[in-house]
Novice: 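Input: one structure, supplied below.
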Amino acid sequence: MMTKVKAQGLVSDLMPNIKLMQAAGHFLFNYHSDNSGMTTLLRKMYSSVHAFLIVINYLCLAANMAQYSDEVNELTANTITVLFFAHTVIKLLFFAVSSKSFYRTLAVWNQSNSHPLFTESDARYHQLALTKMRRLLYFICGVTVFSVMCWITITFFGESVRYIANKETNETLTEPAPRLPLKAWYPFDAMSGTMYVVAFVYQVYWLLFSMAIANLMDVMFCSWLIFACEQLQHLKAIMKPLMELSASLDTYRPNTAELFRASSTEKSEKVPDPVDMDIRGIYSTQQDFGMTLRGAGGRLQNFGQPNPNNPNGLTQKQEMLARSAIKYWVERHKHVVRLVASIGDTYGTALLFHMLVSTITLTLLAYQATKINGLNVYAFSTIGYLSYTLGQVFHFCIFGNRLIEESSSVMEAAYSCQWYDGSEEAKTFVQIVCQQCQKAMSISGAKFFTVSLDLFASVLGAVVTYFMVLVQLK
Amino acid sequence: MATFNSEDLFLNRAKFVMKFLGVWIPPVDESLPRKFLKLFMLMLQYLFLIFQTIHIVQIWGDLAAVSQPSYLLFTQACLCMKITVFHVNVDKLRELLKQMASDTFMPQSIVHEKILKAQAARIKKYLLAFMIGSQGVCSMWYLHPLFEGTGVRKFPFDMWMPVSPEDSPQYEIGYAFQLLTICMSAYMYFGVDSVALSLVIFACAQIEIIKDKLLSIAPVQYGLKEKERKIMNEKNHKILVECIVQHQAVVTFTQLVEDTYHLYLLFQLTGDVGVTCMCALRILVEEVRSVPFASIFLYVIVMLIQLFICCWSGHELTANSEDLHTVLHKCSWYEQDLKFKRDLRFAMMRMNRPLVLRAGHYISMSRQTFVAVLRMSYSYFAVLNQANKKDQ
Amino acid sequence: MIEEAPFDKSLQKIQFAFRSTGLNLGTDSRKRNYKQNCVYLFNFLWLNTDIIGALSWLLEGIISGKNFTELTYVAPCLTLSILGDIKAFCLLLNERKMHNLIDNLRNLEAKSKNFENSEWDSIMQPEIKLFNIIIKVLNVLNCLMIVVFDVSPLILIAVKYFTTGELELLLPFLDVYPFDSFNLRYWPFAYIHQIWSECIVLLEICATDYFFFACCTHIKIQFKLLQHQFQEIISAKSVSAMDSEDPISVRAKFQELVKWHQEIISCANKLEKIYSFSTLLNFCTSSLVICLTGFNVTTIDDKAFVITFIIFLSMSLLQVFFLCFFGDILMRSSMDVTDAVYNSRWYLSDVATGRNVLVVQTRAQNPCKLTAAGFADVNLNAYMTILSTAWSYFALLQTIYGSRS
């Protein structure tokens, strides 16, 4: 029986997304405030019912595809629909199977370090990340609802027929089919009457929920990437004050008092008190507390010999703040690397499946696109499918690309601060950081490909080439 | 000595042209008549674009007829987007001009001034060729109906006009409208391109100045006395730090140029693919040795020159910054003291990465991009041609 | 009781393949003895007669004007046989380098025990387990393949006999013999000849590949142990006020670790020298085999043949996959040293240690990769390239020849 779990770290930032995923029927059972046996059972039932309904309709779609597989055009169209919704089933299953690693990734940022001089910058970038994540969520929800509405609207245009190949005469005949958003095999007759309404409502529900299931998981992935990018931005932003702090230890600098003011909006009582030896604000991890027990009476130890070189007249506490700034930076950077590695481990295989299914879908869509002969329902639906599929791939490629760019630009930020005026220690720090950041952090699809705009460009290029070749061959 | 004005050196022609047309950077407190003039000029261009679109929608279906106005449509759409981006990003442009005039970028000797002048002359030469070519094309277009001599009065360009060519004063007004707008659009094109590309070449010139400074680091003789050696070392270290500061400033400057103009370069690339493809289709239709054929041919050449200048300047920037890394090695670093060597090593690590100008923050501008654009237009042209033949 | 070193244990597992092909793993003695030479020569002659037979079948087919589709039937097993032959030969030529490498790895393992390491087992066990599982799986698959290939012609003959009453003798592979191999008197000899050739080819490929896998696994283990040492070089007890840890002892330990790093890198380079040429050959032949076998699978109608070729196809795919997989893990583990040295608490120490860290980082960012004679790296990207190359050739063949038949 768990007590009320306080949402912290990534979980609190992503709470709207998590709640939506739970509503859509993902097997996400953590992060509830009430965890009694009854409600957990209810939630499990809710998710199972949704999963059951979604899989049943998907199988009906597949049955329909198998049934009408004689005529090439009908088969292609049905295959595209089946592949299109394969994403949903795969993602639902994937989440159910690897929910532990999702929880692990969400818990990575629960304990983050802090430094009094950099809290303001940290909060600012955290807020930025939050805003961007919310905006992305609203945008994708809007796009999903819009797509569902367009789909339903288009159902009412054009003829509602199926194509059947007449084997003797080798021509295609049309057979009337129910006017439903998706062509599926139902055990009952859905041409008209109450069963028609039932089937229609079921399909609308199905469309909305299946698109939501697939998209919400992608949004969670992209939100993680946004968070990682904003943390890197924070690290880049504090590089300059860090260098100056480090330089102030052994070179004369005017205005060192400025450096130690945590932020200009802070009240004056926050300015470090020279007599106050309480260092608890600086370290947040347990092992560092051990420091207070060392030395005589908690007196801070100096490095090797007492530092003769104190040209700026820094107090002991200020000196320690300056020295611990580098530690904060490096530990925070390592934390971000851990987060990105965790994201890659969690979501890499899902990306691989997504790309496989999308590649086949896009190939078939390129073939369908060569048969467009005017501004009709066929054209709109093919272009709709194409743009949606390409949009999904673009969605995670652009965020993956941004991560790569941000992580490799840390080096430029390190270079562009006035390192040449700094101490040897600062210079070494900057050089080690630059060397480390030469290899950019990236997300890979189970090590087979890297998620970046290059991937999107190659997919797009392949589709266009294939389309042009087919047009020439026709 | 009067302060050297890089802005004037690089941008004087563009500034003059655009000021004349009323679309240069407005001062911070812009007066109302000025604003009206700017908006009026912009509106003329947009009207032209709208009329062309209406016309194309009307004749949609026949590929041969559509190709004629569509290449002009691409160009006009490109121009409208460019001029809009120019005005939307006017703050960034002001910041760029301020950086150009900052102390870091001031030339410190006659050699530096010569470098700046040489680079400026180069880019201005190419842009002038482009301007002359575009004016030549424009003159061919509007003189052609006058000399057609078939007796039927026609406007120079096929587009929807609110007036018909039969009635006398309206024909002149319509003719003048098209004439003026197309001339102005050519000049605006020249102006906007000049600004963007001159800034890029300015960054190249600054990199050359850095190279020159690095090579001026004097070797420290072995037999010098301790005090003199110390003075030399400090002097050399100071020069190195200046170079590093300047390099950092060039990097920031290039980044800002890219942020301001990346969309515009992207429009340029995509628009040029469309233009080349459509022109190629059109050339197949026209008979050789006629004025329309010559004018379209000249037009294609001019557009390709403009694209080439864009790609070339991006390539220059990358090539120059790659060279910088080698020059660092050429200075007599082995005779300097340890502090110099350590700082040099770090500077080399950064200068390992060349500066790249990217369109849309993704496609890097280089000669290969130019070839890729040509290839892509050719493949689209082949497909459309094939589809066209099948229809007939 | 002296516990056997993990590397020696792995070598024992692959000893059987080496013994049967006449290659020397150096566990008993360095010099090749008479028995090994005999075994190798015998296998060499046996296999090459088969290869010559297959080549003459091919020549006859070209002369008599068989169409392209039929000529490609012989391609998979011919190419695999040549591959096995040349791989074993390359390893034979490099035997001294191989023994040198084995010695080095043994020494490294002995030395690494000197560094106190609480995580020794947890680092070693998963890798060794993976290696053992892969070896077992591959052994099972190879045995299966031998059984299928050798028993199926007999079954087909029996089925045909019982259904139609006539006795049509079949051989597992297409070869031309100087005698009439389908004559009942000579048929058993030809059959046994082909069975043993097949075994030789599989054993030779297995021997070379398993040794490669073992070396890659153990070099990876060494890299991981090194990473662990680098991470713990500055102990967790010291604090950021720059006190306790004696910089001199840190520097001394650092030196030792750097020497260890250098030795591991030299082992990886030795492995590269032994295998670079045969890897290149492997890549080329595998693309060819995958392409031709894929083509055969799609053009033949006879179900039995289709199954045969599918088995060949999957074997080639798997073999190249594991080659690229192990090359990839070696590359990645060498690059992870950068992360390990960055994760050490370098900022708690003095500037000189910081500079050493920088040098190690710079070196470690250059991965120790294995290449195919310098043409391509051996990693998973190379695998994707091989697949796409084979696919494009397959598509081309399909377009040209598939529509004709």
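In what follows, chains carry the letters A, B, and so on, assigned in the order in which the sequence lines appear, proteins first and then strands, with residues in each chain numbered from 1.
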Novice: Atom OG in C:S344, atom NZ in A:K334: separation rounded to 0.5 Å?
Specialist: 7.0 Å

Novice: Hey, is OH on A:Y466 packed in by over 12 heavy atoms from elsewhere, all under 6.0 Å?
Specialist: no

Novice: Inspect the surroundings of CZ in A:F353 and state if more than 12 heavy atoms from other residues, nucleotides or ligands are less than 6.0 Å away.
Specialist: no

Novice: Within the supplied structure, the quantity of interest is the number of heavy atoms (other residues, nucleotides, ligands) at a distance under 6.0 Å from C:K253 NZ; does it exceed 12?
Specialist: yes

Novice: As an exercise, state the distance from CG of C:N343 to CZ of A:R338, rounded to the nearest 0.5 Å.
Specialist: 8.0 Å

Novice: Are any of the side-chain nitrogens in A:E331 or C:R345 under 4.0 Å away from the carboxylate oxygens of its partner?
Specialist: no

Novice: Minimum heavy-atom separation for C:R355 and A:T428, please, with both atom names.
Specialist: N-CG2, 3.8 Å

Novice: Looking at C:N381, C:T362, C:V341, C:N379, which makes the most heavy-atom pairs under 4.5 Å with chain A?
Specialist: C:T362

Novice: Can you confirm whether C:W346 sits close enough to A:F429 that some side-chain heavy atom of one is under 4.5 Å from a side-chain heavy atom of the other?
Specialist: yes

Novice: For C:Y393, is the OH atom crowded, meaning more than 12 foreign heavy atoms sit under 6.0 Å from it?
Specialist: no

Novice: Give me the atom names and distance for the closest heavy-atom approach of C:Q365 to A:Q438.
Specialist: OE1-OE1, 3.4 Å

Novice: A side-chain contact here means heavy atoms from C-beta on lying under 4.5 Å apart; do C:Q361 and A:K439 qualify?
Specialist: no

Novice: Just so I know, are the side chains of C:Y342 and A:V330 near enough to count as touching, which here means a heavy-atom distance under 4.5 Å?
Specialist: yes

Novice: When heavy-atom pairs shorter than 4.5 Å are enumerated against chain C, which of A:V337, A:V433, A:I432 gives the highest number?
Specialist: A:I432

